[in-house]
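We use all heavy atoms of the structure for the numbers below, so side chains are in, but hydrogens, waters and symmetry mates are not. Each chain gets a letter, A, B and so on, in the order the sequences are listed, and its residues count up from 1.
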Protein chains: 2
Amino acid sequence: MEVKELKDKNAEVKILDAARKVFLEKGLAGARMQDIANEACLNKALLHYYYRSKEKLFQTIFQDALLNFFNNMQEIMNAPISLFEKIELLVAKEIDTMNSCHRLPIFIMNELTQDPDSCLMKMKNMEMHKLYAKFRDEVEAEVKKGRIKKVNPDHLFLNLLAMTGYPFIAKPVVQGLFELEEEGYSDFIEQHKKDVSRFIIDSLKP
Amino acid sequence: MEVKELKDKNAEVKILDAARKVFLEKGLAGARMQDIANEACLNKALLHYYYRSKEKLFQTIFQDALLNFFNNMQEIMNAPISLFEKIELLVAKEIDTMNSCHRLPIFIMNELTQDPDSCLMKMKNMEMHKLYAKFRDEVEAEVKKGRIKKVNPDHLFLNLLAMTGYPFIAKPVVQGLFELEEEGYSDFIEQHKKDVSRFIIDSLKP
DNA sequence: GTCTATAATTTGATAGAC
DNA sequence: GTCTATCAAATTATAGAC
């Protein structure tokens, strides 16, 4: 690829930002190229000029969203800290990430089940299993040492992901249940962050 | 409405069954009337004859899915059983419901965020808050009696929903993390059912 | 009620001027 | 690179025969 002028780069970026917003909001099937063009204050033709097709543009956005979602985990998993610290960090970081974009988790989960071919392949490329292996080994080690209760690390980890992700995935349900408007919702999430860490760590104490 | 002949009723029902399957799988935006017609082994025109428009057909399916999803809860909430029994029943029943249709929770959550107008109104009509109030009061009562730890019932209930719903919502991620094929997945869910009840009830013991 | 054929609209994609 | 105008395909919806 050749050196790009500033204007070129700006259009490319503007399109990506607009596409991210529209795809996150509406999903692949619901998003319209015209919506993205409007959001970017450009015309449809330019979207195709830079990204060829809706599908290609979507894949760019989706890949990026996956990284955004799972990168925190990768880092924390490999950090030289205690298991309890890892749990607290995982919960806090994941919630913060989703808090900056409430639709992120449901977007990812929904698209993953829509396109098993290309999306699931990307999951395998991220080597989810290796990402998790370190956590599992540490839990098993702590169990053997008798420092925490005997738990199944698979279910423990799934529960952690569940309690951090679900409040965003089920946002309308949560708002209905607890009668929360947009502002009260933010406060609720902040409480929840602390509650989840405490909940998990409490449950591990022998 | 007049008395229907058998053949009429059959077509109506065949359409509903087909629509449920296609909408659940692809969502409102991704579903095609032609797919539904094919699935029902009928022609598109009949779908419009019975349900007027795609939107109307969808609303019928969505309303039904909402009831399916939240009806269990309603019943269990009002049953004359102990708090621990309620928790066990809620977890077991909700997981069983979703196990019969893995896409049910993500379908509901996704569509709820897509159409705040009509879908969210339906949520309010179901009076989610009242559904939950009984549970909250019971938790607070048990806390006062000192029978369970001092917990925030909102987060407790949200965590319960999270741990039951997330394994289905994030099915591809779970399969990637724990290297599960379709069969191993069913077994995993059965284990999870027991694990979640134990996890919650353990966490409540003073 | 059920079908075939077709209208009407939407939407992804391209051609071609600048 | 960016735009306007337009095409081609897909898709919802309807008309009308049976």
Side-chain angles (χ1 to χ4, degrees), chain A residues 1-63 107 110-111 114-115 117-119, chain B residues 1-62 110-111 114-115 117-119:
Chain A
M1 220 175 270
E2 296 149 33
V3 179
K4 303 242 175 82
E5 296 163 24
L6 262 181
K7 223 176 182 183
D8 297 342
K9 207 180 171 186
N10 279 342
E12 256 188 275
V13 172
K14 269 158 89 178
I15 291 172
L16 277 187
D17 288 343
R20 187 170 7 256
K21 181 168 177 187
V22 175
F23 278 132
L24 259 289
E25 203 173 302
K26 311 258 193 181
L28 170 58
R32 297 290 159 250
M33 293 296 267
Q34 187 61 58
D35 296 341
I36 297 174
N38 292 344
E39 180 71 34
C41 299
L42 295 167
N43 54 78
K44 269 192 302 178
L46 262 204
L47 310 198
H48 288 95
Y49 175 78
Y50 280 111
Y51 297 95
R52 188 87 189 161
S53 70
K54 181 185 179 185
E55 181 63 30
K56 287 229 180 6
L57 179 53
F58 171 78
Q59 288 302 335
T60 307
I61 298 299
F62 186 73
Q63 178 78 42
F107 168 72
N110 201 44
E111 300 301 341
Q114 288 307 320
D115 187 350
D117 297 332
S118 74
C119 292
Chain B
M1 220 175 267
E2 298 147 32
V3 178
K4 301 241 174 85
E5 295 163 24
L6 263 182
K7 222 177 183 182
D8 297 341
K9 209 179 171 187
N10 280 342
E12 255 188 276
V13 172
K14 270 158 89 178
I15 292 171
L16 276 188
D17 289 343
R20 184 166 13 251
K21 181 169 176 187
V22 175
F23 279 132
L24 259 291
E25 203 172 301
K26 311 260 194 180
L28 170 58
R32 297 289 161 252
M33 292 296 266
Q34 187 61 59
D35 297 341
I36 297 173
N38 291 345
E39 181 71 33
C41 299
L42 296 167
N43 55 77
K44 272 189 302 179
L46 262 203
L47 309 197
H48 288 95
Y49 175 79
Y50 281 110
Y51 297 96
R52 189 86 190 161
S53 70
K54 181 185 177 184
E55 181 64 28
K56 287 230 179 10
L57 179 53
F58 172 78
Q59 289 301 336
T60 307
I61 298 299
F62 186 73
N110 201 43
E111 301 301 342
Q114 288 307 320
D115 186 351
D117 297 333
S118 73
C119 292

Check your understanding: Are B/R20 and B/D17 within salt-bridge range, i.e. N to O under 4.0 Å?
Key -> yes
Using atom names, set out every protein N or O paired with an N or O of nucleotides 9-11 of chain C below 3.5 Å, distance rounded to 0.1 Å.
unit_1	atom_1	unit_2	atom_2	d
C/dT11	OP1	A/R32	NE	2.6

Study note, to complete from the structure: note: A/Q34, atom CD; C/dT14, atom P; distance rounded to Å ~ 16 Å
Point to revise | Backbone N/O of A/N43 and side chain of A/Q34: donor-acceptor pair under 3.5 Å | key: no
Review point. What's the closest nucleotide to the B/L46 side chain, out of C/dT2, D/dT14, D/dT2?
Key: C/dT2
Check your understanding: Under 4.0 Å between a side-chain N or O of A/N43 and OP1 or OP2 of D/dC3?
Key -> yes
Revision key, fill the gap. Only one of A/L46, A/L16, A/I36 passes side-chain contact (heavy atoms from CB on, under 4.5 Å) with A/Y51, and that residue is A/L16
Check your understanding: Roughly, in whole Å, what's the span from CG in B/L42 to P in C/dT4?
Key -> 11 Å
Check your understanding: Judged by atom type as modelled, is there a donor-acceptor pair below 3.5 Å linking the side chain of A/E12 to the main-chain atoms of A/Y50?
Key -> no
Practice item. Rounded to the nearest angstrom, tell me the gap between atom CZ in A/F58 and atom P in C/dA13. Key: 14 Å
Review point. Between D/dA10 atom P and B/D35 atom CG, what is the distance in whole Å?
Key: 13 Å
Check your understanding: NA contact type, A/L47, heavy-atom cut-off 4.0 Å: base, sugar-phosphate, or nothing?
Key -> nothing
Check your understanding: So does B/H48 get a side-chain nitrogen or oxygen closer than 4.0 Å to the phosphate oxygens (OP1/OP2) of D/dA13?
Key -> yes
Practice item. Round to the nearest Å and state the distance from A/K56 atom NZ to C/dT14 atom C1'. Key: 15 Å
Point to revise | A/K21 side chain to A/A40 backbone, donor-acceptor under 3.5 Å | key: no
Review point. Can you check whether B/Y49 has a side-chain N or O nearer than 4.0 Å to OP1 or OP2 of C/dC3?
Key: no
Check your understanding: Does a donor on one side chain sit under 3.5 Å from an acceptor on the other, for A/Q63 and A/Q59?
Key -> no
